[in-house]
Amino acid sequence: MGWTGGSDCAFGEIPGDAGSEPMLSPIISVENLSKRYLLGHKTESRERYTALRDVVVRRTKSLIRLAADTVRGQQVLFGDEVEEFWALRDVSFEVQSGEVVGVIGRNGAGKSTLLKVLSRITDPTEGRITLRGRIASLLEVGTGFHPELTGRENIFLNGAILGMTRQEIRQKFDEIVAFAEVEKFLDTPVKRYSSGMYVRLAFAVAAHLEPEILVVDEVLAVGDAEFQKKCLGKMQEVSRGGRTVLFVSHQMAAVQALCDRGIFLSGGRIVKQGLVGEVIRHYLSESDQRSQLCLVDRHDRQGSGVLRFTDVSFYNEAKENVGSLTSGAAASIEFRISNSSGKTVRNVRVCLAVDTVFGQRLMVFSTHLADQDFAELPAGAFRITLDIECLALIPGRYSFNLYSTVNNDVADWIRNAGYIDVEGGNYYGNGQLPTQDQGCVMMRHEFKLRQGD
Ligand SMILES: Nc1ncnc2c1ncn2[C@@H]1O[C@H](COP(=O)(O)OP(=O)(O)OP(=O)(O)O)[C@@H](O)[C@H]1O
Ligand SMILES: [Mg+2]
């Protein structure tokens, strides 16, 4: 595991050798990079919320934490159960100066982890990264800024992290504020910002502080259409100015428009890299295949077997078969089920239960709850469509379980039958996009203010 160049240049100067061969050396070079997470409750909660700002103080803090844990008599690395998980495995690629590279892949593929490792927010477990330029990152909403500091203070803090002098930051200050449209809130702590304001400022800071490498994760998932356009324009401008951009997005149209090259990650590995159009085509064809989960080969199922789930597919608002659903949009889930008992069965119940990927039950869709149990189901194969008017899940990956009963006896039960991937969308109808730190589900709501006590 190691960093070369990057350890000196990520937040400081370009190392001397960059000047001698600037055209030949890639600005980013990643060799056999792997990142392992230890899935114990402590490790997970500690790493998840690491922000750019924390890099500055992390060494001190981790020592303090280590001491505090030891004093409290808690084990530092061994939680209740510690399990290894490789979020990146043997990832190698190079990026030339001035290239705009799109990193794509399904939820959980390792995209954000890759950007975090490149930004030195988290350390690689194995492999080697060489950066020949100063890097600025805009990672998930919620990272990068200190919530208690004002917008103004955060601009200066981020500039300082990037190794800029106060004078240099001051020169960029007005431009940043104008781009972010947060003039009125400059002296408000950013924890009071809406997620839209927050990301506007974070993007403005990252894009204007003139890094040689700009790393942007999902900024287009937040903000209204106009802001998204502005961001794309700014990233184009940054790249035309000869700087390098690494961009993660689920919006293929944006990736196609902005990027020259693409990297498709799946399960922490690079599946394909190359010209962006080809990489996107490959990605889309894979997600189509996966959305049709073939359940017939699953043997880890329980129940009498009178009924069997054979397939599940997901459809978007436009009734297109898709690999992921969108928050706030209509969705349909189609089950294929077969009754191979040779006779009509009665009183049939079908359920789909949604869990977090850590196995916590979130909700259940059920013919019983909808008062739609099937009185009779003849022998044969059937399709059952479940229509959801407005998907109230926060973007992320969920696991689902399938369950059916005939006359209250379990007929077929598959735990972890597959995943539901949910992309960001305009659930609240006002451009406020939910973030993963807001839990898993949303509910539309309204506040009223009345005078009196
Ligand atoms: N701090 C952490 N501790 C443990 N596991 C983690 C941690 N951060 C990420 N992971 C896991 O690593 C995998 C890759 O996560 P990552 O956030 O990089 O995915 P992603 O491609 O960015 O997904 P998305 O499209 O949903 O943003 C996921 O399975 C995730 O649960
Ligand atoms: Mg991500």
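Ligands are counted one by one from 1 in listed order, and the atoms in each one are counted from 1 as well.
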Any N/O/S atom of S112 sitting less than 2.8 Å from the Mg ion (ligand 2), backbone or side chain? yes
Ring centres of F85 and Y37 under 6.0 Å apart? no
With a 6.0 Å cut-off on ring centres, are H208 and F203 close enough? no
Which option wins on minimum heavy-atom distance to atom 20 (P) of ligand 1: K111, K116, R397? K111
Heavy-atom nearest option to atom 27 (O) of ligand 1, drawn from G267, S112, P395, S324: S112
Listed by chain and number, what are the side chain to side chain contact (heavy atoms under 4.5 Å, CB included) partners of A353, not counting sequence neighbours? R361, V364, N401
If only atom types and distance count, is the side chain of S34 paired as donor or acceptor with the main-chain N or O of D90 below 3.5 Å? yes
Decide whether an N or O pair under 3.5 Å exists between G110 and ligand 1. yes
With sequence neighbours left out, what residues match E423 under salt bridge (charged side-chain N to carboxylate O under 4.0 Å, His left out)? none
Please list, in number order, the atoms of ligand 1 under 4.0 Å from a heavy atom of A109. 19 (O), 20 (P), 21 (O)
Could you tell me, atom by atom, which parts of ligand 1 come under 4.0 Å of a heavy atom of T113? 14 (C), 15 (O), 16 (P), 18 (O)
